[in-house]
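Atom set for the values below is all heavy atoms of this structure, side chains included, hydrogens, waters and symmetry mates excluded. Throughout, a chain's letter reflects where its sequence line sits, starting with A, and its residues are numbered from 1. Note that the structure is predicted; figures quoted are calculated from it, not measured.
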Amino acid sequence: MALRVFNVLKREKVDFVPITPGKINMYVCGPTVYDNSHLGHAKTYLSFDMVVRYLRYRGNDVLYVQNLTDVGHLLDTGEDRILKKARQASALPMQVVETYARSYFEDMDALGVTRPDISPRASGHIPEQIAMVETLIHKGHAYVADDGVYFDVGSYPEYGKLSNRRVEEGEAGSRALKGKGKRSAEDFALWILATEEHILQWDSPWGRGYPGWHIECSAMAGKYLGATFDLHGGGIDNIFPHNECEIAQSEAANDAPFANYWLLVGSLTVDGQKMSKSLGNFVTLKDALKRHRPEVIRYFIYQSHYSNPIDYSDGALEAAGSGWERMMTAVRFARDKLRHPVAGVSPDAASIFLPVLEDYKAKFIEAMDDDFNAPNAIAILQSLTTEVNKLLNSAQPVGVEVLKAINDHYLELGGKVLGIVPEAESTSGADAARLEGVVRMLIEMRAQARKEKQFARADQIRDQLKDLGIVLEDRADGTFFRVE
RNA sequence: GGCGUCGUCGCCAAGUGGUAAGGCUAGGGUCUGCAAAACCCUCAUCGUGGGUUCGAUUCCCACCGACGCCUCCA
């Protein structure tokens with residue numbers, strides 16, 4: 001079955017057909033690097049991480065471009081975000097940019113987010129942006145004013161097609177006072193002439209200045225992916241004006257469609273309100289990662305569909321953690337058994353389970369093919385977990401081939417695609433081996449005590465280990481331990 | 001005011017024109033020396049009111065409510 005996606009541009013679920021079969025060019029709007037990232041950013045970039053991972057898993061060659069905005073993103077006071085932060089921190093603007101770009105990648109790496117193939121910066125693509133503005137002027141889509149260059153929205157009839165917004169005739173100028181040289185309220189800046197104090201400025205045909213926020217994405221997407229490419233992503237909150245302006249500029253300049261498919265991610269909310277820096281209701285990723293495993297954060301985000309909003313709370317994350325533990329307990333159990341094979345059991349014992357694994361894999365792919373339905377995919381992994389638990393807890397011997405197949409399936413679907421199943425933990429290395437030896441010894445001592453009905457002593461061993469975060473579980477075929 | 005999304009079990013959350021996945025929590029049971037883990041069982045008629053239909057939670061209309069965007073935000 002073919003991959004289907006909800007294309008925001010058409011407002012319907014359609015077959016996803018790349019321009020070149022097997023080759024997918026995608027662009028995702030990246031962050032403005034002026035502060036630490038929070039969980040809201042994680043929702044967007046984890047969503048596209050899943051998209052990239054799945055597309056690659058299905059055999060596509062994906063070129064993933066995600067920009068870093070380091071200039072031109074203004075506050076409504078007209079002040080550049082980067083400059084404001086720099087002034088507050090008594091630092092150079094590019095120091096701020098460097099600090100938070102690193103911080104962003106640090107957090108994304110910690111979450112297991114696949115790095116984009118190209119992370120272009122706006123400040124590193126000034127010539128490309130100037131060239132694009134010149135093209136727009138030549139084609140009559142932009143005009144030069146006293147304070148900069150503006151895109152003439154009236155010259156592009158399709159403006160508003162993504163966000164389904166119509167340019168209003170009346171009440172122009174009631175707002176949007178920013179940009180005094182505008183002819184129309186809906187026109188937007190392509191190039192802004194800088195005042196003396198504005199440190200971030202470059203030479204241009206229109207005088208020293210800096211680019212408007214939207215033009216960077218158009219210029220950089222065009223440079224690395226071509227005039228027309230397959231997939232454009234971002235947060236739904238940027239659908240207007242940012243994404244709309246990108247389309248207008250690019251299509252007006254290139255006389256070609258911009259992105260064929262638009263995928264936009266729903267916002268993360270707190271108590272029903274969007275998590276955002278301006279509201280101050282955010283949890284930074286650095287804090288979140290101190291309290292939760294990255295896999296649990298991913299599990300939490302993927303439990304709802306990427307296009308829907310998610311309401312964040314500690315309780316919600318903890319509940320996600322419990323669900324994740326259930327799945328991982330089964331995985332660890334299979335790995336335990338794999339590490340300690342029972343003598344005399346044929347490697348292919350219980351091989352009747354192999355088709356069951358294939359069946360769940362097919363269901364998983366079917367779910368993901370349906371507009372990246374990760375919540376459904378996770379539900380399928382949970383159902384698989386029930387089957388695995390039944391098998392592993394039964395009296396039936398399970399051969400190493402089957403155990404390996406179970407582990408491989410979890411690693412492939414839960415690990416490679418969703419990033420919620422880690423590789424085997426602490427099974428290698430001298431420390432791990434030593435820990436395993438020590439715990440095994442204690443398990444032996446406890447087994448002896450139990451044999452002698454000295455339950456107080458047996459329980460003492462178990463309780464003290466639990467205090468150290470090591471949980472003992474007596475199963476039909478022996479005692480296993482897990483580290484919490 | 002305009003545009004849009006959403007409203008499914010106590011909580012989170014999929015989904016379908018023919019009586020609703022999964023997780024968390026709760027209750028009962030099995031297993032266990034006791035636990036833990038696991039398994040089994042129980043727990044919803046899908047915001048309200050109309051309409052279309054043999055039949056709607058799923059399609060249409062209205063209303064109510066929540067949220068997002070319209071101004072910086074992933």
J.: Scan side-chain atoms only and decide if A/D311 and A/T269 contain a donor-acceptor pair under the 3.5 Å cut-off.
T.: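 Yes - a donor-acceptor pair under 3.5 Å links their side chains.
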
J.: With a non-hydrogen cut-off below 4.0 angstrom, is A/F455 in contact with a base, only sugar-phosphate, or nothing?
T.: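 Base contact - A/F455 has a heavy atom under 4.0 Å of at least one base atom.
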
J.: Taking B/rU45 as the reference, what is the distance to B/rA20 when you measure between their P atoms (whole Å, please)?
T.: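 The answer is 10 Å between these two P atoms.
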
J.: What is the base-pairing partner of B/rU19, counting Watson-Crick and G-U wobble geometry with both distances under 3.5 Å?
T.: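 Its partner: none found.
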
J.: Under 4.0 Å between any heavy atoms, over every strand shown, what does A/K390 touch: base, sugar-phosphate, or nothing? Just pick one.
T.: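 It contacts sugar-phosphate atoms only.
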
J.: Just to be sure I understand the rule, does A/R326 reach a base, reach only the sugar-phosphate, or reach nothing, if contact means heavy atoms closer than 4.0 Å?
T.: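 Contact class for A/R326: sugar-phosphate only.
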
J.: Using the C1' atom as the point on both nucleotides, what is the distance between B/rU42 and B/rU48, in whole Å?
T.: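 Per the computed distance, 30 Å lies between those C1' atoms.
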
J.: Looking at every strand, decide which applies to A/D459 at a 4.0 Å heavy-atom threshold: base, sugar-phosphate, or nothing.
T.: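 Answer is base: heavy atoms of A/D459 come under 4.0 Å of a base.
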
J.: Mind checking the P distance from B/rG28 to B/rU19? Whole angstroms is fine.
T.: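 So the two P atoms sit 33 Å from each other.
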
J.: Taking only the C1' atom of each, what is the distance from B/rA74 to B/rC11 in whole angstrom?
T.: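 The answer is 26 Å between these two C1' atoms.
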
J.: Tell me what A/G272 touches on the nucleic acid: a base, only sugar-phosphate, or nothing, going by heavy atoms under 4.0 Å.
T.: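 Sugar-phosphate contact only.
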
J.: Categorize A/S276 for me: base, sugar-phosphate, or nothing, with a 4.0 angstrom heavy-atom threshold over every strand shown.
T.: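 Result for A/S276 = base.
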
J.: Side chain of A/A458 only, heavy atoms from C-beta on: which candidate in B/rA74, B/rG33, B/rA13 is closest?
T.: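 Shortest atom-to-atom distance from the side chain points to B/rG33.
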
J.: In whole Å, measure the gap between the P atoms of B/rA13 and B/rC64 for me.
T.: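 B/rA13 and B/rC64 have their P atoms separated by 25 Å.
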
J.: Please check if any side-chain donor atom of A/N67 sits under 3.5 Å from a side-chain acceptor atom of A/T69, or the reverse.
T.: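 Yes, a side-chain donor-acceptor pair sits under 3.5 Å.
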
J.: So what does A/D474 touch, heavy atoms closer than 4.0 Å: a base, only the sugar-phosphate, or nothing?
T.: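 Since a base atom lies under 4.0 Å of A/D474, the category is base.
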
J.: Nearest-Å distance, NZ (A/K466) to P (B/rA36)?
T.: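 Rounding to the nearest Å, NZ of A/K466 and P of B/rA36 are 10 Å apart.
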
J.: Reading RNA chain B from 5' onward, which residue's closest nucleotide shows up sooner: A/Y299 or A/R446?
T.: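 Residue closer to the 5' terminus by nearest nucleotide: A/Y299.
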
J.: Quantified in whole Å, what is the P atom distance between nucleotide B/rG15 and nucleotide B/rC54?
T.: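 The answer is 29 Å between these two P atoms.
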
J.: For the side chain of A/R450, counting heavy atoms from C-beta on, which of B/rC34, B/rG2, B/rA14 is nearest?
T.: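 For A/R450, the side-chain atoms sit closest to B/rC34.
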
J.: For a quick check under 3.5 Å, do A/Y64 and A/N25 share a side-chain donor-acceptor pair by atom type?
T.: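 Side-chain D/A pair, A/Y64 to A/N25: absent.
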
J.: Using atom C1' of each nucleotide, how far apart are B/rG47 and B/rC67 to the nearest Å?
T.: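 Straight-line distance between the two C1' atoms is 15 Å.
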
J.: So that I can tick it off, tell me whether A/R482 and A/D336 are bridged by a salt bridge, with the cut-off set at under 4.0 angstrom between side-chain N and carboxylate O.
T.: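 No salt bridge links A/D336 with A/R482.
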
J.: Do the charged groups of A/D35 and A/K277 touch, with an N to O distance under 4.0 Å?
T.: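 Salt bridge: no.
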
J.: Counting only heavy atoms not in A/K10, do more than 12 fall under 6.0 Å of its NZ?
T.: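 Counting other residues, nucleotides and ligands, NZ of A/K10 stays at 12 neighbours or fewer.
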
J.: Just call it for A/M327: base, sugar-phosphate, or nothing, with non-hydrogen atoms closer than 4.0 Å on any strand.
T.: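 If one applies the 4.0 Å heavy-atom cut-off, A/M327 turns out to touch nothing in the nucleic acid.
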
J.: Would you classify A/A379 as touching base, sugar-phosphate or nothing, given that sugar-phosphate means primed atoms plus P, OP1 and OP2, and contacts are heavy atoms under 4.0 Å?
T.: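 Counting heavy atoms under 4.0 Å across all strands, the contact made by A/A379 includes a base.
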
J.: Using the P atoms only, state how far B/rU16 lies from B/rA21, rounded to an integer number of Å.
T.: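 Pairwise P distance, B/rA21 against B/rU16, rounds to 13 Å.
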
J.: Using a heavy-atom cut-off of under 4.0 Å over every strand shown, decide if A/Y45 touches base, sugar-phosphate, or nothing.
T.: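 Touches sugar-phosphate only.
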
